[in-house]
Structure formats: structure tokens, C-alpha cells
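Down below is the structure, laid out as C-alpha cells.
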Amino acid sequence: MAVRSIVNDQQVASPAAGGASAVESVNSDTPSSSPDGRDSSSRGGSQGRETSATTATTPDASQDTEQQPQKVRRKPVPGKGFRKSRTGCFNCKRRRVKCCETRPGCQSCRRMRLDCVYPAATALPKLRNAAAAVLMVSPCKPVVNLDHLRFFRHFLVEAYPPHPYGVSTVWQDVAALSHSYDFLAHALLALAAQHLTLFTPCDYSVQALDLRVSALQGLNAAFSRPCVTAEDGDARCAAAIALTWQSSYMSAPGSLREFLVTMRGWMVVATTMTPDPDNSLFRDFTREAFVGSLRHHVGGEAVAMAGTAWDADRADVIDGFLASLEVLRPLCGSLTERRYLSALEKLGCLVRTSPLDALLQMAPCWALTNKMTEDEFADFTEPSNHAAQVLLAHFLMLDRALEMHFLDATGSSQSTFCKKVSKVWIVNMASSLPAGYEKYMMWPLGLATGRV
């Protein structure tokens, strides 16, 4: 009973203390020996056990335990417990929510109909250890490719777009600009690799295709961002031009349609995505510039020689061209096809009177497909549109005949299309047409294969 009274006194003196504190108080206050002088350690042990049992069953101790505040579990907060987004958009940062970092617009901004703007790219985040740093700066593919160095040099020396004539300095400035735009660098390298594949024994077709895909992906990503400076517009326009000329060097099936698509994209970029046209590198790439450079390139003496030679040797070529168009007329059903046929007929009649004027008129005729609406262009370039395929074959071969005539007189080799590529295009179109279309392809196919 002495133990119980001591415990109660301790609990009264310190109500907040637990059972363990009570036990420690009893042990400290109890003398180490009994009044009779004998050691009471064993008895103290039994008293300690009795004290523990008494403390566990004391109502006051249980009440103290119940009075202790229980820890309330907090509800999960959205966005907590996840990896912090360090490159999220400004709206999510301001609202202090996790950004999914989906581009061009994150889910939160799309849901709230906000303009999603991301911060500019900064330096690489700090890495925890040197091994991670090595992984970041050492990708699987080499950063510097020796083939790319050759492609870049070949572009500067020979593979830059030849039209308009006399603008090589523009492409040197574009090459310098490519160091700041990856998609432009890939487009220039793709053009040079395709040019080497076509005009040298080397085969870089795989590299050219890989670089082309990278350039297209980068250019599409650039289109999703605003074009702020003149350099931004020049980089996009230069990449579109380079990809267009690469298409003219490709002989795979469907390359002609890809050429027309990229040429149309070139027109869109040049007319709508250049923030400062007056200060653009391509401010002189106009219809007048193309025609004027071609006239200057041909020269007066060569024009006189070429005009005489045309009347003597190749009048039958134009006669065959116009006769073939007449056979083709019933095949043209849509308004777009009839307009294109009418433009070809005017060109053929102009060749009879002034071959040079017909050659100069070819430059704006290349833009005929650019003037079509989206639906008209999609229908006209569809491979299943056989009438349009035959019309394009006639236009290609007329351009080829005019260029070869004048370039032979001037000794130049810079034509719009490589003879080997145009031949492959015509042969592929002829083989893809259904039976019964052979009579419509006789003139262009005969000119491409040398039978006419």
C-alpha cells in the first residue's frame, strides 16, 4: 500500500507525467536498504514490478493517456510528393501547381484557356555527381561527325541552291546563321549530302534522309514558336528553300509531289513568316530577281545563237508538245486541270515566237501550284489524279527542253532539275498510270528517254 500511495502522490504532483515517469520517481525516492539495515534490492525489484502493474491499472494513468493529443493525418495536397517541375510554364509557376510541360501548351493552360508560355532555355541543371555530368555531355551519337564537315564544305562550294543566279554570298551568310539554328544546319547538310549522292560516286542517301527528317522536325517545332527577329525568319525561309532543292535531287517515288509541297511551304514562309522583309537576306528573291538573273546568265550572244538553232533543229519538239496537249484535253475534267493545260498551251505558242521569253516565263509558271487553294492543291498533287500527273510530266519536259537548249549554248550546267532525276520522275509516273494512258505519255516519256 505504501507503493500505491507514493504513485498517487507522484501523479498528483505531476499530472502530465506518464507511467514510466512514475516508476522512475518511485525508484529514486525508495531507500536502498531496509530500516533493519539489510539489503532490499530484491525486495525493491518486486516492488518495482508491483509498481509497474499498479501504474498500468491505475485509472488516472489511462485518463492521462486519453488526454494526450492524437496526431491528425493531413490530407494529400495536389502536386505534393512529386518531382518538382523546374521548366514549367509561367502560369503554372504563378499558380504554384505542377506543370505537365506539354508543348506547345500544357494541360492546365488548355483547360483554363490561357496562353501557355515557357521560359527560355537555360543552362543544364546542376548535377549531383560527376558521373551524371559525363552522361549528359557524352550522348550515344558523336557530337562532331566528319561526314557533316564534308557536307558543310560541299554546300559552301557547290551544293547551295543555284537559283537565282549570282547569290552565292547570300548562302554564305545563311551558312553562318546555321550555327544558331539546328534545323537550318540539318537542312543545309541534307541538301549537300543529297547533292554528293547524285553527282559523285559516293552514296550518302541514308545520311541525307536522316538529316532531312531532323530538319523537318526542327522546322515544324520552330513554326510553333513566334517569329520575333529577322534572323528567325531568315532561318526558316532558308531551311524551306534548302529542303525544296533537296527534293529536286531525290528520285524516290513520290519525290515530285514532295518537291511541290516543299515549294509551296517555301512560298508560305517567305510571304507570311518574315517579320522584317526589307532587312531579310532573301529580300531580292522575287519573281523579277529570278527572271532578271536568268536573262543575265544566258547572255545576249548566246540568246541569238540559241534562237537560230531552235528554229532549225527543235521546232518538231514544240509541235509534238502542242499536239500531245491536244490529245490530253479530254482527260482534263476539273477547272484546275483545264487552267493548267491552258498555261502550258500558252507556253508552247510562246516558244514558237520567242524561245527566250518562254524560258523566262517558266519561272512564274513554277508558282502555278502555289496559287491553288488547299483543296485544289491536294487534289492536283494526288497520285491517283492521272490527268494532273500527265500535265506535270509535260511541264517538266518542256522546262527541260528549254533549259538544255539555252544552257548548251552558254556552256552552263546549272539547270533547275538534274537530267537523271527528271528522267526517273517521268519513268515512274508512266509506270504508275493505268493501262490506256500510254498515248498521253508518249511525248514526255520519249523526250526523257531520248527517243524524241
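The first residue of the sequence shown is numbered 1, and numbering continues consecutively from there.
A donor-acceptor pair is defined here as one N or O able to donate and one able to accept, closer than 3.5 Å; no such pair exists between the side chain of D379 and the backbone of D375. With hydrogens and angles disregarded, no donor-acceptor distance shorter than 3.5 Å links the side chain of R352 to the backbone of C349. Using modelled atom types, no side-chain atom of S178 and backbone atom of L184 make a donor-acceptor pair closer than 3.5 Å. The closest donor-acceptor contact from the side chain of D399 to the backbone of F395 lies at 3.5 Å or more, if one exists at all. With W425 contributing its side chain and A393 its backbone, the two residues share no donor-acceptor pair below 3.5 Å. Between the side chain of S324 and the main chain of G320, no donor-acceptor pair closer than 3.5 Å is present. Under the 3.5 Å distance criterion, the side-chain polar atoms of W266 are left unmatched by any main-chain donor or acceptor of A242. Side-chain atoms of R236 come within 3.5 Å of backbone atoms of A222 as a donor-acceptor pair (strictly under, hydrogens ignored). Checking side-chain atoms of S255 against main-chain N and O of S247 turns up no donor-acceptor pair under 3.5 Å. For the pair S354 (side chain) and L350 (backbone), a donor-acceptor distance under 3.5 Å is absent.
With sequence neighbours excluded, the residues satisfying side-chain contact (heavy atoms from CB on, under 4.5 Å) with C109 are C89, N91, C106, L114, C116. With sequence neighbours left out, the side-chain contact (heavy atoms from CB on, under 4.5 Å) criterion links E337 to C332, S334, F380, N385, A387, L391. Residues forming a salt bridge (Lys or Arg N to Asp or Glu O under 4.0 Å) with R212 (at least two apart in sequence, or on another chain): E258. A215 meets the side-chain contact (heavy atoms from CB on, under 4.5 Å) test with H186, A187, L243; sequence neighbours excluded.
The environment of CD in E382 is crowded: more than 12 heavy-atom neighbours from other residues, nucleotides or ligands sit within 6.0 Å. No more than 12 heavy atoms of other residues, nucleotides or ligands lie within 6.0 Å of CZ in R153, so this atom counts as exposed by the packing criterion. The environment of CG in D115 is sparse: at most 12 heavy-atom neighbours from other residues, nucleotides or ligands sit within 6.0 Å.
Counting only residues at least two apart or in different chains, side chain to side chain donor-acceptor pair (under 3.5 Å) contacts with residues 340-349 comprise R329-E345. Every pair passing salt bridge (Lys or Arg N to Asp or Glu O under 4.0 Å) that includes a residue from residues 262-272 is listed here, sequence neighbours excluded: R264-E374.
Here the CG atom belonging to L398 is positioned 7.5 Å from the CG atom belonging to L344, to the nearest 0.5 angstrom. For the atom pair CG of L341 and NE2 of H394, the computed distance is 9.0 Å after rounding to the nearest 0.5 Å.
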- [ ] Start with the C-alpha distance between T369 and F377, add both sets of side-chain angles, then the distance that settles side-chain contact (heavy atoms from CB on, under 4.5 Å), and finish with yes or no.
- [x] CA-CA 6 Å; T369 54; F377 179 80; 4.0 Å; yes
TODO: Test D147 against F151 for side-chain contact (heavy atoms from CB on, under 4.5 Å), laying out the working first.
DONE: CA-CA 6 Å; D147 286 339; F151 299 159; 3.9 Å; yes
